[in-house]
Amino acid sequence: MQTDSPPLAQFAIAKKLLEWYDRHHRELPWRVSPAMARRGVTADPYHVWLSEVMLQQTTVQAVKPYFAKFLDLWPTVNDLADAPSEAVMTAWAGLGYYARARNLKKCAEAVARLHGGSFPQTEDGLKSLPGIGDYTAAAVAAIAFNVKAAVMDGNIERVVSRLYAIDTPLPAAKPLIRGRVAEITPEDRPGDFAQAMMDLGATICTPKRPACALCPFREDCLALAGHDPETFPVKAAKKAKPVRLGAAFVAIDDTDSIFLRRRQEEGLLGGMTEVPTTGWTARIDGETSTEAAPFPAPWQAEGAIVHVFTHFELRLSVYSAHVERRERDDGWWRAVANLDQEALPTVMKKVIAQAIPDAFKSRRQG
DNA sequence: AAATCGGGGGG
DNA sequence: CCCCCAGATTT
């Protein structure tokens, strides 16, 4: 089936979008204004790359404080390359998808030591770096280097699938959508075009109840012409989330410190800090639940926490005990008041807070 | 193509 | 409660 729009109409799409962007763009810490972009000014590649990695499957609001913290700690890619990995993981703690932090450090090292501190300016060059895939390579090339790259993320998939009423289910529709994006991406201001498409998806062409009356594409959108924009994009059905069970152990010594371990580098929460736990499929029967504790102690049940990961739900029974401090080679002790210096993922903060309710309050009482 | 990999906000 | 978010990597 041949449904290609004429080139003039494709150009008109970009023109409408950029005019909308000039009036409605969002101010974001890693952006240059459209006024500057029109004069050929491009954003700092380090800022663009850092923000794009943080924004992978992560909302703008969640990223903002982390972006500021990272720039404060490491103002340049060379500073990040020289930083201790533990410091990077600690700064990333809470943002999720921790492989991003490990790859961020590797990528900074590669840029600093193999590319003289400058990012590659082509999609292929960028994509060869750790943690940079199709999306991030295209986004950095377009936004930081003014390359006419076809940028495609979740927002753009939604906008384009509606604009052309593409009813092929995702992810099979991705090559189709990418072709459409390549068609409508302009030579001039490709970075602003990509950011405008994402702004449009975030503010107008939303997953539910899109504000079609305000959309610059309202006269072009085939889904709107069919009266059912909300039914796009079509997605494959997803599977149910299994439940895993386990127990976690918070040992507290007489200096108000708790015993911590480091998780293995690969896999779930790789390289992050944890309190000792059983395996996460173990069945807890109350009688034998403390057999997998790191050491014998008067373990006391403190209830349970629930944490939902991407592909399973975790229910951890929490136990605590006051113990005499003994140094061990499989972990270390850390004062509860200084837990912000640890790379603690959110599930572990939940566990510790369950055992020590005021552990993460700024003003703790003795 | 499917699975793995966090966490939070909005409807 | 469900859905989705400026996805990448491995199997």
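Because the structure is a prediction, the values reported are computed rather than measured. Proteins get letters first, then strands, A, B, ... in listed order; numbering begins at 1 in each.
Within 4.0 Å (heavy atoms only), A:P130 reaches sugar-phosphate atoms of the nucleic acid but no base atom. Nucleic acid contact class of A:R158 (heavy atoms, under 4.0 Å, all strands): sugar-phosphate only. A:G201 comes within 4.0 angstrom of nothing in the nucleic acid, heavy atoms only. Here A:G270 lies out of heavy-atom contact (under 4.0 Å) with every strand. Nucleic acid contact class of A:I156 (heavy atoms, under 4.0 Å, all strands): none. Residue-level contact check: A:T310 touches the bases, meaning some heavy atom is under 4.0 Å from a base atom. A:T136 comes within 4.0 angstrom of sugar-phosphate atoms only, judged by non-hydrogen atoms across all strands, and of no base. Contacts of A:L28 with the nucleic acid, taken as non-hydrogen atoms under 4.0 Å apart, include base atoms.
Between C:dA6 and B:dT4, the distance separating the two P atoms is 25 Å to the nearest Å. A distance of about 15 Å separates the P atoms of C:dT11 and B:dG6, rounded to the whole Å.
A salt bridge between A:D82 and A:R113 is present, with a side-chain N of the basic residue lying under 4.0 Å from a carboxylate O of the acidic one. For A:D188 and A:K148, the salt-bridge test fails: no basic side-chain N is under 4.0 Å from an acidic carboxylate O.
Across A:M54, A:H47, A:E52, a single residue satisfies side chain to side chain contact (heavy atoms under 4.5 Å, CB included) together with A:L50, and that is A:M54.
If you measure from atom CG of A:D153 to atom C1' of C:dG7, you get 9 Å, rounded to the nearest angstrom. Straight-line distance from the CG atom of A:D199 to the C1' atom of C:dC5: 14 Å, rounded to whole Å. We find that CZ of A:F67 is positioned 16 Å from P of C:dA6, with the value rounded to whole Å. Computed from coordinates, the A:E123 CD to C:dA8 P distance equals 11 Å when rounded to whole Å. The separation between A:K241 atom NZ and C:dC2 atom C1' is 10 Å, rounded to whole Å. The OH-P distance, from A:Y97 to C:dA8, rounds to 12 Å in whole Å. Rounded to an integer number of Å, the gap from A:W92 CH2 to C:dA8 C1' is 12 Å. If you take NZ of A:K127 and C1' of C:dT9, they are 12 Å apart, rounded to a whole angstrom.
Figure legend: cation-pi geometry between A:K16 and A:F217 absent, as NZ or CZ is not positioned both under 6.0 Å from the six-membered ring centre and within 45° of its axis. Within the cation-pi definition used here (under 6.0 Å to the ring centroid, within 45° of the axis), A:R162 does not qualify as a partner of A:F232. Both tests hold for A:R328 against A:F259: distance to the six-membered ring centre under 6.0 Å, angle to the ring axis within 45°.
The nucleotide range of DNA chain B contacted by chain A, defined by atoms under 4.0 angstrom from heavy atoms of the protein and reported 5' to 3', is B:dA3 to B:dG8.
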Q: For A:F309 and A:H307, run ring pair (Phe, Tyr, Trp, His ring centres under 6.0 Å): C-alpha distance rounded to whole Å, both residues' side-chain angles, the deciding distance at 0.1 Å, then the answer.
A: CA-CA 7 Å; A:F309 291 98; A:H307 190 77; 4.8 Å; yes

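Closest-nucleotide positions on DNA chain B for A:A172 and A:E266 were compared, and the one nearer the 5' end corresponds to A:A172. When each of A:D134 and A:T59 is assigned the nucleotide of DNA chain C with its nearest heavy atom, A:T59 is the one assigned upstream, toward the 5' end. Mapped onto DNA chain B by nearest heavy atom, A:K208 and A:A99 fall at different nucleotides, with A:A99 at the one closer to the 5' end. Comparing A:K235 and A:L129, the nucleotide of DNA chain C nearest to each residue sits closer to the 5' end for A:K235.
Side chain to side chain, A:D253 and A:T255 meet the donor-acceptor criterion of an N or O pair below 3.5 Å.
You'll find the ring centres of A:W92 and A:F70 inside the 6.0 Å limit.
The CD atom of A:E342 lies 8.5 Å from the CD1 atom of A:I258; values are rounded to the nearest 0.5 Å.
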**Q.** Base-pairing string, 5' to 3', of DNA chain B - Watson-Crick or wobble, under 3.5 Å, | interstrand
**A.** |||||.|||||

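Within the structure, salt bridge (Lys or Arg N to Asp or Glu O under 4.0 Å) pairs that include any residue of residues 272-281 of chain A comprise A:R261-A:E274, A:R263-A:E274 (at least two apart or interchain).
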